[in-house]
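Both counts, for ligands and for their atoms, begin at 1 and track the order of listing.
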Amino acid sequence: MPLNIEDLRKARQALAQFRSAALSPHHERYSFPFFAGSYFAYRKVDVERVAAVARAISGNPSYLDVGCGYGDFLKRVREFLPNAEGIEKDGRIFYELGIEKPADIRIADAHWIDSRYDLMFVGWMEPGQDFRDPVARSTDVIITTLDQGISLAAEFDGHGFSRVAWWRTPSWEDVNIEIMNRHYTKMPDGRRAELAKMRGTHNLWYVYSRPQKVGIVKEALKKQLEIEPAGRYDFESELDECGYGYLQKLENPSAPEPMWQVQFS
Ligand SMILES: C[S@@+](CC[C@H](N)C(=O)[O-])C[C@H]1O[C@@H](n2cnc3c(N)ncnc32)[C@H](O)[C@@H]1O
């Protein structure tokens with residue numbers, strides 16, 4: 001479904017209002033993910049894993065973030081892969097809202113991707129979008145994040161790719177619910193603690209490769225795991241506080257694996 005610019009304008013006003021009373025400068029990235037963060041919650045380890053895989057494919061890797069929005073994740077990736085680029089279909093999110101478009105984001109539809117990339121990243125696509133064919137044609141390695149049960153067209157197994165590894169992190173919504181319960185809703189402490197036990201974590205990261213590169217990708221991830229966590233972003237404190245710690249396990253049986261723990265296929 002195309003973005004509704006009028007809704008985005010209203011959301012921006014709501015963001016300005018939220019900002020004026022926010023209890024932390026980091027809350028907005030989980031409450032207004034399109035403008036201030038990303039739909040998937042990430043840590044520096046996620047960026048480093050993606051960069052490590054790209055570097056294993058090429059010494060000077062080409063990288064495309066498909067449907068990158070305003071490019072929050074892309075900006076972090078560019079700290080490691082300076083040539084990384086994004087593609088975003090809807091130029092109105094910049095031009096009609098008076099937001100400067102970064103030079104590394106190209107306004108185009110993913111269906112018309114015309115180059116090959118060492119690694120393509122597809123982060124949390126809304127239901128109904130399916131550009132697996134053009135993405136699969138344009139790379140040998142894909143990393144995708146999807147919201148469990150919502151983003152259905154993000155799996156590349158049927159497109160000549162093997163899933164090499166996966167891990168789980170919270171979606172923006174998982175974190176936002178916790179932030180709202182903890183900081184912006186009046187309720188007894190006991191109730192809050194009860195609700196926290198039910199917290200879920202619905203974002204899955206899938207690493208796909210063409211069969212001939214599976215070994216390289218797996219090795220790169222294994223090597224990366226030996227040295228992490230090497231660093232962190234300041235906003236990770238919100239994840240820790242909300243009970244979404246690195247390698248923490250939730251009580252909720254719907255998420256049995258510790259978050260951020262890489263599972264090899
Ligand atoms: C749910 S947002 C996710 C943005 C960002 N990847 C994230 O996770 O925060 C999806 C974005 O993909 C863009 N998009 C949807 N279909 C696209 C297509 N065919 N080609 C390029 N971008 C597309 C939308 O305009 C929107 O900005």
How far is atom 22 (N) of ligand 1 from the closest protein heavy atom, and which atom is that? K89 N, 3.1 Å
Between Y233, F121, F80, which is the residue that forms a ring-ring contact (aromatic ring centres under 6.0 Å, His included) with F73? F121
Please indicate whether any nitrogen or oxygen in Y39 is less than 3.5 Å from any nitrogen or oxygen in ligand 1. yes
Flag F40 as yes when one of its N or O atoms lies below 3.5 Å from any N or O atom of ligand 1, and as no otherwise. no
What residue among D174, T169, D147 forms side chain to side chain donor-acceptor pair (under 3.5 Å) with H202? D174
List the closest protein heavy-atom neighbour of atom 4 (C) of ligand 1: residue, atom name, distance to the nearest 0.1 Å. G67 O, 3.4 Å
Which atoms from ligand 1 have a heavy atom of F131 less than 4.0 Å away? 16 (N), 17 (C), 18 (C), 19 (N)
Numbered atoms of ligand 1 (with element) below 4.0 Å of F34, judged on heavy atoms: 27 (O)
Check against side-chain contact (heavy atoms from CB on, under 4.5 Å), W172 and F34: CA-CA 10 Å; W172 70 277; F34 192 62; over 6 Å; no
Which of the ligand 1 atoms, numbered from 1, are nearer than 4.0 Å to a heavy atom of D109: 18 (C), 19 (N), 20 (N)
Indicate, as side chain, backbone, both or neither, the part of P33 found under 4.0 angstrom from ligand 1 when only non-hydrogen atoms are considered. neither
Those atoms of ligand 1 less than 4.0 Å from some heavy atom in W124: 1 (C), 3 (C), 8 (O)
Testing Y206, W167, W124, W205 for ring-ring contact (aromatic ring centres under 6.0 Å, His included) with F40, which one passes? W205
of all protein heavy atoms, closest to atom 16 (N) of ligand 1 is Q129 OE1, 3.0 Å
Can you tell whether the side chains of K197 and E251 come within less than 4.0 Å, N to carboxylate O? no
Counting from 1 in the order shown, the ligand 1 atoms closer than 4.0 Å to a non-hydrogen atom of L3 are 25 (O)
Note the single closest protein heavy atom to atom 1 (C) of ligand 1, along with its residue, its atom name and the distance in Å. E126 OE1, 3.1 Å
Please write down residue, atom name and distance for the protein heavy atom closest to atom 20 (N) of ligand 1. A110 N, 2.8 Å
Compute whether any side-chain donor of one residue and acceptor of the other, for D157 and Y208, lie under 3.5 angstrom apart. yes
Angle class for the F235/Y30 ring planes (parallel below 30°, perpendicular above 60°, tilted otherwise)? perpendicular
closest protein heavy atom to atom 24 (C) of ligand 1 is E88 OE2, 3.5 Å
Using a 4.0 Å cutoff against the non-hydrogen atoms of S38, which atoms of ligand 1 qualify? 9 (O)
K44 to Y246 six-membered ring, cation-pi geometry met (6.0 Å, 45°): no
Side-chain donor-acceptor pair present, N60, S58, cut-off under 3.5 Å: no
Does R199 qualify as a cation-pi partner of Y244, given the criterion of NZ or CZ under 6.0 Å from the six-membered ring centre and within 45 degrees of its axis? yes
